[in-house]
Asks: 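My questions all concern the structure below.
Only heavy atoms go into these numbers, but all of them, side chains included; no hydrogens, no water, no symmetry mates.
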Amino acid sequence: MEPEVVEAELVLPSYFSFKRVQMYEKYPKGQARGRHWKHLKQIIQAENYQNYPPDEPNYVNIESPPSMHPCKRICDITGFEAPYYDPRTNLRYANTDVFKIVRSLPNDYVQRYLSLRNAQVVLK
């Protein structure tokens with residue numbers, strides 16, 4: 001019985017790779033723990049932004065040219081992306097359920113929705 005136990009201990013490894021490694025074993029005291037996040041002030045100092053031209057957008061100057069991409073069309077009722085719009089009311093809608101609601105709205109509410117989008121149109 002004794003030799004079988006000794007052989008079994010030799011077959012099994014002392015460390016299992018699937019075991020969870022403790023943090024103090026992985027990172028001893030005083031050693032860095034992976035990625036460090038930099039603050040904006042540290043990024044500005046490291047990148048030496050004083051040498052960049054003033055009209056080039058970067059972290060220091062927030063002013064940048066307007067986007068070249070078209071703005072997303074958003075449903076006036078739900079707030080989801082709206083691939084459709086109602087030609088009668090000019091309201092944007094996301095699906096058929098919202099379209100039924102749009103068509104049932106009185107003109108006062110339609111004007112309010114359009115004013116929120118800064119697209120006031122006098123409906124006849």
Asks: Could you give me the CA-CA distance, side-chain angles and deciding distance for Ile77 and Leu105, then say whether side chain to side chain contact (heavy atoms under 4.5 Å, CB included) is met?
Replies: CA-CA 11 Å; Ile77 308 296; Leu105 288 174; 4.1 Å; yes

Asks: Return yes if some donor-acceptor pair links the side-chain N/O of Gln111 with the main-chain N/O of Asp108 below 3.5 Å, else return no.
Replies: no

Asks: Holding to salt bridge (Lys or Arg N to Asp or Glu O under 4.0 Å), I want the full list of residues that pass it with Arg103, two or more places apart in sequence or in another chain.
Replies: Asp86

Asks: Side-chain heavy atoms under 4.5 angstrom apart, residues restricted to Ile, Leu, Val, Met, Phe, Trp, Tyr: same cluster for Tyr113 and Tyr84?
Replies: yes

Asks: For Asn90 and Leu114, work out which heavy atoms get closest and say how close.
Replies: O-CD2, 3.7 Å

Asks: Under the salt bridge (Lys or Arg N to Asp or Glu O under 4.0 Å) definition, can you give me all pairs with a residue in residues 70-81, not counting sequence neighbours?
Replies: Asp76-Arg117

Asks: Cut-off 3.5 Å, no hydrogens considered: what does the side-chain donor-acceptor table look like for residues 91-102, sequence neighbours left out?
Replies:
unit_1, atom_1, unit_2, atom_2, d
Asn95, OD1, Asp97, N, 3.4
Asn95, OD1, Val98, N, 3.1

